[in-house]
Amino acid sequence: MTASARPTPDAPGAPENPSALGDPGAPEDAGGPGDPGAPEAPGTPEDVGGPGRAPGISPRHELRAVHALVHRDLLRLSAQRVHTALMLLQPVLYLFVLGGGLAALIPGSSLGVGYQAYLFPGMLIMTVQAPAIIVGIRLITDRQSGYLRELLMVPVSRPTLLLGSCAGGTLVSTVQGAVLLGLGGAVGLPYDPLLLALLLAALILASFTITALSLLLAVSLDRPEIFQMLLGLVMMPLLFLSGGFFPLDNLPRWAHALTVVNPLAYGVDLLRRCIALRVPHQAAAVGVEWGGRQPPLLLECAVLLAGGAVALVWAARRFGRPE
C-alpha cells in the first residue's frame, strides 16, 4: 500500500495512528522481522529445545505434546502385536510352568498361599518391567538415529518431551500388566471389581517408577549396548530380591538392606497387600520390612511414588541441558 492510499489526518473520522487499530492491510504495521515492537513467533529457532519453557508457549501446547507422545506409544503398541505377545509369554510361562512345577515341592504353609498365587504378583511386576525398560532403550536409539534431534525442534520444553515419554511408557506397561491381570482367576483370585481396581492402581504406580528409573539411566548413557548390559547385571538381581519368587525372610541378612532400596520389592509387596485386603485367605508371607516391621500400605505407596518422581525430575534436569 502506498503512502497516498493511507488516510490523511484531514479526512473525517480517520485515526491519527492507523497501527493502533492493527490495520491488517498495512505492511508497515504487520510487525516484520526487523520491527523491534513485533511479537516473536512461538516457534522461533531460538526458543526450540531449550531447557525451560519456550517464550510464548502455553501449557496447552505442552499438554498437546505429551498427548502426541502418548498416542505414538499406543499406536506402536497396537502395531507390534507379535512383539507384545512375546513379551507376555515369558511371565505366563513362569507362572504356569515354573509355578505349576514348584507348587508340589513348596508347601503352602510356608508361603501362606499356593505357590502359583504367591508367584502371581511377581509376574505382574515382570510384565510391566519389560515395556518400561524399552522406553529407555528407545530414547538412546532415537538420539543415535537423529529422531530425537528432530523431536527437539518442537517448540516445547525438553522436560515436557521426557514427561510425555514417561507417560506413554507407563500407560503401555499398565496395559500389558492388565492383560496378565485377567489370568488372576487361574491362580485362585476372584474377579472382584474393587480388587482389580486396587491391583490396577498398584500396577500404574509400579510402572511409573520403573519407567522413570529407566529414563534416568537412559539420559545418563549414550550407547544402547551399555544400557542393555547394565540392565542385564541389575534387573535380574532386583527381581530375585523383590520377593516375587520366594519370601524375603529367607534371604541372607546382608541382602535385606538391598530389598529396602529395591523399587520392585515395594511393587510386589504392594500387589500382595492389595490382594490381602480383599481376599484375606490369600494373604502371603511378609515382604519388605523396616527394622523388623512391615511399613504401612500407604507409606509403601508414597515410597514408590516419591522414588519415581525424584527419578523423573533428575532425568528432566539432565535431559534439559543443551547438548
Out of M126, Q176, Q80, which residue meets the side-chain contact (heavy atoms from CB on, under 4.5 Å) rule with M87? Q176
Is it true that R76 and D73 have a side-chain N and a carboxylate O under 4.0 angstrom from each other? yes
Taking all heavy atoms of L270 and all of C301, pick out the closest pair and write down the distance. CD1-SG, 3.4 Å
Side-chain donor or acceptor of Y147 paired with backbone N/O of L139 under 3.5 Å: no
Gap between atom CG of L241 and atom CG of L248 - 0.5 Å precision: 8.0 Å
Count I, L, V, M, F, W, Y as connected when their side-chain heavy atoms are under 4.5 Å apart, and connections chain through other members. Are W290 and L264 then in the same cluster? yes
Treating T160 as the side-chain partner and E62 as the backbone partner, does any N or O pair qualify as donor plus acceptor under 3.5 Å? no
Between L297 and L200, is there a shared hydrophobic cluster once you connect ILVMFWY residues whose side-chain heavy atoms come closer than 4.5 Å? no
Could you check whether any side-chain heavy atom of L181 comes within less than 4.5 Å of a side-chain heavy atom of F120, counting everything from C-beta outward? yes
Closest heavy-atom pair and its distance - L124, G177: CD2-O, 3.7 Å
Mark yes when over 12 heavy atoms from residues, nucleotides or ligands other than F246 sit less than 6.0 Å from its CZ; otherwise mark no. yes
Donor-acceptor pair, side chain of N262 and main chain of L238, under 3.5 angstrom: yes
Beyond-backbone contact of M235 with F240, side-chain heavy atoms, under 4.5 angstrom: no
Any chance you could lay out the side-chain contact (heavy atoms from CB on, under 4.5 Å) test for Y266 and V260, step after step, and finish with the verdict? CA-CA 8 Å; Y266 289 96; V260 175; 3.8 Å; yes
Could you please spell out the steps behind the side-chain contact (heavy atoms from CB on, under 4.5 Å) verdict for V135 and C166? CA-CA 8 Å; V135 176; C166 184; over 6 Å; no
